[in-house]
Amino acid sequence: MATQRVLPQSKETLLQNYNKRLKDDIRSILDNFTEIIKTAKVEEETQVSRATQAEQDHYEMHVRAANIVRAGESLMKLVSDLKQFLILNDFPSVNEAISLRNQQLRTLQEECDKKLISLRDEIAIDLYELEEEYYSSSCGQWDGVELPLCEAFHRQDSWGSPEMTSDPSRANPEDSDNLGLQESMQRHLNSHGSSTSEQS
């Protein structure tokens, strides 16, 4: 069972004033409404004429109806004052709402952190598998030396580039030596074939 909070003297007095206003307004509405009902009753002949009595009753109804309206407006003002009092003075409820919101935000933060960590682990596993696949393939080898991924693709692209095929001055020296060796072997074979034909 929750313990009742002890309010300061000023707040306690203010709440008692609110309670008194509430009771007074409700009593005013009830009394005036009861008197209006009594006024509607038709009485026997009195010393006052019926016309005078009807005018008096009509005026009394207007006054009591105005009192009921005034009491209703006072109750609406009381509701507004109570809301303002709660907003400005109910610090425990405000602190509880703030604590609850903080707890919800912390829970949301923990869930986001878990999802980010899981995503990081999945990306790390995928990158590891891609690196393993790359280094185990021929694309990652260049003269027996393992190359980084970007360097291997750069060299692979340079094989088929137009500059390398169109500019002889930028050709590989080893390719030039191989080409010269092939030309000399071809000339040797041609000369040997011509000499054989002359002897025959």
Side-chain angles (χ1 to χ4, degrees), residues 1-8 10-12 14-15 18 75-200:
M1 182 176 181
T3 58
Q4 185 177 3
R5 290 189 296 115
V6 179
L7 296 175
S10 59
K11 294 182 180 179
E12 186 68 27
L14 186 60
L15 290 177
Y18 288 158
L75 287 176
M76 294 178 65
K77 180 65 169 57
L78 177 60
V79 172
S80 177
D81 293 341
L82 287 173
K83 290 181 179 179
Q84 184 177 0
F85 176 81
L86 289 176
I87 293 173
L88 297 178
N89 298 288
D90 194 9
F91 296 108
S93 298
V94 174
N95 293 333
E96 183 179 357
I98 293 175
S99 301
L100 180 60
R101 183 59 178 168
N102 288 336
Q103 183 65 29
Q104 293 175 353
L105 293 176
R106 288 194 187 96
T107 304
L108 181 61
Q109 180 183 0
E110 292 176 358
E111 292 178 357
C112 292
D113 291 340
K114 291 179 181 178
K115 291 181 180 179
L116 288 175
I117 292 174
S118 176
L119 182 61
R120 182 199 63 184
D121 295 339
E122 292 178 1
I123 292 175
I125 294 174
D126 293 338
L127 286 176
Y128 178 79
E129 293 177 354
L130 288 174
E131 289 180 355
E132 288 291 327
E133 181 67 21
Y134 161 70
Y135 286 120
S136 63
S137 63
S138 60
C139 296
Q141 303 293 329
W142 186 270
D143 294 336
V145 179
E146 292 186 353
L147 297 176
L149 189 60
C150 59
E151 183 67 20
F153 277 107
H154 176 70
R155 293 196 178 188
Q156 184 178 8
D157 292 339
S158 65
W159 291 347
S161 62
E163 296 179 356
M164 293 295 293
T165 56
S166 61
D167 191 358
S169 62
R170 298 179 61 181
N172 192 351
E174 294 180 0
D175 295 339
S176 301
D177 295 341
N178 292 332
L179 184 60
L181 180 61
Q182 292 177 0
E183 291 178 352
S184 61
M185 290 178 66
Q186 185 65 30
R187 288 196 299 270
H188 178 71
L189 291 174
N190 291 336
S191 62
H192 180 69
S194 60
S195 61
T196 304
S197 60
E198 290 177 356
Q199 290 176 3
S200 59

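In this text the structure is predicted, and so the values were computed from the model without any measurement.
- The distance from the CG atom of Leu130 to the CD1 atom of Ile125 is 12.0 Å, given to the nearest 0.5 Å.
- To the nearest 0.5 Å, the span separating CG on Asp113 from CZ on Arg106 amounts to 13.0 Å.
- Distance check: Lys77 NZ to Leu82 CG gives 10.0 Å after rounding to the nearest 0.5 Å.
- A donor-acceptor contact shorter than 3.5 Å is absent between the side chain of Ser118 and the backbone of Lys114.
- Within a 6.0 Å sphere centred on CD of Gln84, other residues, nucleotides and ligands contribute 12 heavy atoms or fewer.
- Distance check, rounded to the nearest 0.5 Å: OG of Ser99 to CG of Asn95 gives 6.5 Å.
- Residues Leu105 and Gln109 are not in side-chain contact: their nearest non-hydrogen atoms beyond the backbone lie 4.5 Å or more apart.
- Arg101 is not listed as a side-chain neighbour of Ile98, based on a closest heavy-atom distance of 4.5 Å or more.
- The line from CG of Asp81 to OH of Tyr18 is 4.5 Å long, rounded to the nearest 0.5 Å.
- With Arg120 as reference, Ile117 is the one residue of Ile123, Leu116, Ile117 to meet the side-chain contact (heavy atoms from CB on, under 4.5 Å) rule.
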